[in-house]
Amino acid sequence: MKTVKKIVFWTLVAFALIQFFPIDRVNKPVDSKVNFVQMKQAPEKISTILRNACYDCHSDETIYPKYAYIAPISWSVKSHVNEGRQHLNFSVWGTYNKELKENMLDRSMEALKHKTMPLPGYVVYHKEAKLSEAERTLLIQYFDEMLKSKTY
């Protein structure tokens with residue numbers, strides 16, 4: 001019993017200590033001239049879907065939920081956001097070259113078709129990010145039209 005109490009005690013101490021190492025939750029300023037929804041003058045429906053389902057991980061406009069303030073969960077959240085921004089950052093869309101934009105649109109359409117995005121774990125805590133089939137289709141059509149018309 002003494003061993004269990006020690007383990008619990010030291011686990012709580014470690015949990016308390018790691019709270020002193022917060023993640024950086026400061027977003028970079030967003031330039032509307034290169035931000036996807038403003039630059040592309042995306043229709044309101046498209047803009048709303050992107051902001052609800054994509055922008056937390058794929059832009060510099062992340063809204064960190066309350067649980068992102070508790071280590072070690074915060075570390076995981078920050079890692080997911082950083083990884084999402086590496087793959088696609090809508091806030092800097094205008095800085096990408098033609099090939100990169102084409103690739104990102106293609107990969108986005110595939111992720112929407114295969115329902116790998118938004119991440120299932122994210123949707124559990126963010127109900128507004130759960131995309132209906134109609135919303136998925138709308139985004140796929142929008143991205144596909146951009147590719148076909150080369151207006152990316």
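Along the sequence shown, residues carry numbers from 1.
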With a cut-off of 3.5 Å and sequence neighbours excluded, list every side-chain donor-acceptor pair involving residues 143-152.
from   : atom 1 : to     : atom 2 : distance (Å)
Asp144 : OD2    : Lys148 : NZ     : 3.1
Ser149 : OG     : Glu145 : O      : 2.7
Ser149 : OG     : Thr151 : OG1    : 2.9
Tyr152 : OH     : Glu102 : OE2    : 2.3

Would you mind reporting whether [Y] and [X] have side-chain heavy atoms less than 4.5 Å apart?
{"X": "Met117", "Y": "Leu112", "answer": "no"}
{"X": "His80", "Y": "Val77", "answer": "no"}
{"X": "Lys113", "Y": "Arg136", "answer": "no"}
{"X": "Leu50", "Y": "Ser47", "answer": "no"}
{"X": "Val123", "Y": "Leu119", "answer": "no"}
{"X": "Leu138", "Y": "Glu135", "answer": "no"}
{"X": "Cys57", "Y": "Thr62", "answer": "no"}

Are the side chain of Gln19 and the backbone of Phe15 linked by a donor-acceptor contact shorter than 3.5 Å?
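At least one qualifying donor-acceptor pair exists.
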Can you check whether Ser91's main-chain N or O pairs, donor with acceptor, with Arg85's side chain at less than 3.5 Å?
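Pair absent, no side-chain N/O of Arg85 close to backbone of Ser91.
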For the atom pair [atom1] ([X]) and [atom2] ([Y]), what is the distance rounded to the nearest 0.5 Å?
{"X": "Leu131", "Y": "Leu139", "atom1": "CG", "atom2": "CG", "result": "6.5 Å"}
{"X": "Leu12", "Y": "Leu17", "atom1": "CG", "atom2": "CG", "result": "11.0 Å"}
{"X": "Lys127", "Y": "Asn52", "atom1": "NZ", "atom2": "CG", "result": "14.5 Å"}
{"X": "Met104", "Y": "Leu88", "atom1": "CE", "atom2": "CG", "result": "5.5 Å"}
{"X": "Ser108", "Y": "Ile140", "atom1": "OG", "atom2": "CD1", "result": "10.0 Å"}
{"X": "Met39", "Y": "Thr95", "atom1": "CE", "atom2": "OG1", "result": "9.0 Å"}

Do Arg51 and Ser59 have a side chain donor and acceptor closer than 3.5 Å?
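No, no side-chain donor-acceptor contact under 3.5 Å.
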Geometric class of the Trp93/Tyr96 ring pair [parallel <30°, tilted 30-60°, perpendicular >60°]
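Because their plane-to-plane angle is over 60°, the rings of Tyr96 and Trp93 count as perpendicular.
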Report the C-alpha distance between Val92 and Asn89 in whole Å, list the side-chain angles of each, state the deciding distance to 0.1 Å, and finish with yes or no for side chain to side chain contact (heavy atoms under 4.5 Å, CB included).
CA-CA 6 Å; Val92 296; Asn89 187 337; 3.7 Å; yes
Determine, stepwise, if the pair Asp60 / Asn35 fulfils side chain to side chain contact (heavy atoms under 4.5 Å, CB included).
CA-CA 9 Å; Asp60 293 326; Asn35 188 12; over 6 Å; no
Considering non-hydrogen atoms only, spot the tightest contact between Ala129 and Pro118 and give its length.
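Smallest interatomic distance, heavy atoms only, reads O-CG, 3.3 Å.
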Using every non-hydrogen atom in the two residues, find where Ser32 and Gln38 come nearest and quote the distance to one decimal.
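Scanning both residues completely, I find the closest heavy atoms to be O-CB, 3.4 Å.
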State whether the number of non-hydrogen atoms from other residues, nucleotides or ligands found under 6.0 Å of Glu44 atom CD is greater than 12.
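No - once you tally the heavy atoms of other residues, nucleotides and ligands closer than 6.0 Å, there are 12 at most.
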Would you sort out whether Asp24 and Lys78 count as a salt bridge (Lys or Arg N to Asp or Glu O under 4.0 Å), showing the intermediate values?
CA-CA 8 Å; Asp24 178 14; Lys78 186 61 176 178; 5.3 Å; no
Indicate, with yes or no, if Val37 and Ile63 share a hydrophobic cluster defined by side-chain heavy-atom contacts under 4.5 Å among Ile, Leu, Val, Met, Phe, Trp and Tyr.
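No; tracing contacts between hydrophobic side chains, which count when under 4.5 Å, never links both residues.
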Could you give me the CA-CA distance, side-chain angles and deciding distance for Tyr142 and Ile49, then say whether side chain to side chain contact (heavy atoms under 4.5 Å, CB included) is met?
CA-CA 12 Å; Tyr142 184 73; Ile49 294 169; over 6 Å; no
Test: ring-ring contact (aromatic ring centres under 6.0 Å, His included). Region: residues 43-74. Which pairs qualify, not counting sequence neighbours?
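Residue pairs passing ring-ring contact (aromatic ring centres under 6.0 Å, His included), neighbours aside: Tyr55-Phe90, Tyr67-Tyr125.
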